[in-house]
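Order of the sequence lines sets the chain letters (A, B, ...), proteins ahead of strands, with each chain counted from 1. Heavy-atom basis, side chains included; hydrogens, waters and symmetry copies ignored.
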Amino acid sequence: MSGSGKPRVAIAGTGAANLASVEALCLRAGVAAQVSDRAEDIAAADYAILPGVGSFGAAMERLSARGLDVAFRERVAQGRPSMGICLGMQMFCLASEESPGVAGIGVVPARIGKFGNSLPLPQLGWNRVGTGTGAVADASRSRFVKPGWAYFANSYRLAEPPPGFGAAWGVYGETFVAALEYYADPGAARPSLLLCQFHPELSGPWGLDLFSRWIGVKSEEGAA
Amino acid sequence: MNGTAIRIIPCLDMKGGRVVKGVRFKNLVDSGDPAELAFRYEEEGADEIALLDISATLEERKTAIEAVRAVRRAVSIPVSVGGGVRSVNDAERLLAAGADRVSVNSAAVRAPGLIAELASRFGVQCVILAIDARARGSAAKVPGYEVLIDAGTTETGIEAADWAARGAELGAGEILLTSMDRDGTGLGYDAGLLRSVVGAVRVPVIASGGAASPEHFLEGAEAGARALLAAGIFHRQELSIGSLKRFLADNQLEVRL
């Protein structure tokens, strides 16, 4: 942690939009976030966030041009807290149907595909995030993301969590992964890698609660 | 549930950074601070905030950017901004100021490539195609709805459903469909217009223009709109978002409560 006691948060800024919203989320959580496209800033932060809108291919190109794909890969390997939002979540995977032939950061051994039903695309709006059982085996239940309403804006999604990852779920004509959790330290209370298909920064108090708990400014028991 | 909830979107028409009410584009009365209003709407259950900049001068447009910044800080739900967006630069300024999505209208009709440029640069989720349309009238050779631009003052001859389909193809992630016949009348959304456009595109459609009662909002959803937009009825506090959502839920619509 940095000297002031407050966590240092870096937001990877590679020309994608919605940085202002993520910055506003950090402000709301009481932390000052640094937007940076420099690998050393991403490496040095206590928490690093990869937001993203646009297309997989274009975003990965901008990311790897700055060496940020390597920076995030190293953070994950070292168990240092990282978050992906929307396209940012997808970029941590191996690849996406949206941009064939483009490699993602690759720490999540899974591929992103397009929704395969006839509902409007993109999915735009509020959908329920669930963490219950049903089709989901106990081992792959998420334990950090809580059920609630979240804002989604996506045409592509992860259909199933890979082994070793907890998942929160959504239903949009089909079941899809709303969030992935990975714990470098299996006993830790907070995931070292938290990937959200939804936009926590646009999901009202529920989103703020998730983020505040993840960066440790809010305890599990209640308000900070 | 099998999809997203139906969204209620209050629209704030802004001139020089202040919200104005009244029949759109005419007889404007200052209604208040956009950030305060937006904050109140989020508290009441709004799913998104739409800002429409109807500034006429460059000076007025500059204050609008500040208003976008203030609204962004005030709410934690999506904010879309439209009005006078003519270029990627215009969009970039708004997105940098805090808009999550931008809408384009007249400029897109004049240069449809703008939609593709915006989608390519920012993603389809960031691009809304706003379409103002009016029924062609009984004298028309072919029934349908004609697209109007320049705040409803210029006829294009283009069929709304065709333009919507083209816009979606070019990269608009959503259509904001306003009935110029119904806007400001309180007679309800134009269901015929809605159905014709909803049937032509795969992207979600936001209904706009004419809603004055909870029943109107229900009809808009039943006509296929995924989101329902209104302005004056909320600003004048004739209908609260909370009571509207409870009414819709009572009528079997999936809404976020």
Quick check on [X] against chain A: is it the side chain, the backbone, both or neither that has a heavy atom closer than 4.5 Å?
X        : value
B:Val201 : neither
B:Glu42  : side chain
B:Arg226 : side chain
B:Leu257 : backbone

Legend entry - Distance-only donor-acceptor check, side chains A:Arg28 and B:Ser76, under 3.5 Å: no
Inset, instruction - For A:Gln123 and A:Ser155, test the side chains for any donor-to-acceptor distance below 3.5 angstrom and give the result as yes or no. - result: no
Inset, instruction - Go through B:Ala227, B:Ala97, B:Pro78 and name the one with the most non-hydrogen pairs under 4.5 angstrom from chain A. - result: B:Pro78
Inset, instruction - Return the option, out of B:Val203, B:Val205, B:Val79, with the maximum number of heavy-atom pairs under 4.5 Å with chain A. - result: B:Val203
Inset, instruction - Answer yes or no for A:Arg190 and A:Trp214: cation-pi contact, defined as NZ/CZ to six-membered ring centre under 6.0 Å and angle to ring axis within 45°. - result: no
Legend entry - Heavy-atom check, side chain of A:Arg157 versus side chain of A:Ile112, under 4.5 Å: no
Legend entry - Within-4.5 Å side-chain heavy-atom neighbours: A:Val129 and A:Trp149: no
Inset, instruction - Check whether A:Ala58 gets within reach of chain B through its side chain, its backbone, both or neither, counting any heavy atom under 4.5 Å. - result: neither
Legend entry - chain B contact via A:Ser203 - side chain, backbone, both or neither, heavy atoms under 4.5 Å: backbone
Inset, instruction - Go through the steps to decide whether B:Arg7 and B:Glu174 satisfy the test salt bridge (charged side-chain N to carboxylate O under 4.0 Å, His left out), and finish with yes or no. - result: CA-CA 13 Å; B:Arg7 288 167 280 151; B:Glu174 193 163 40; 2.6 Å; yes
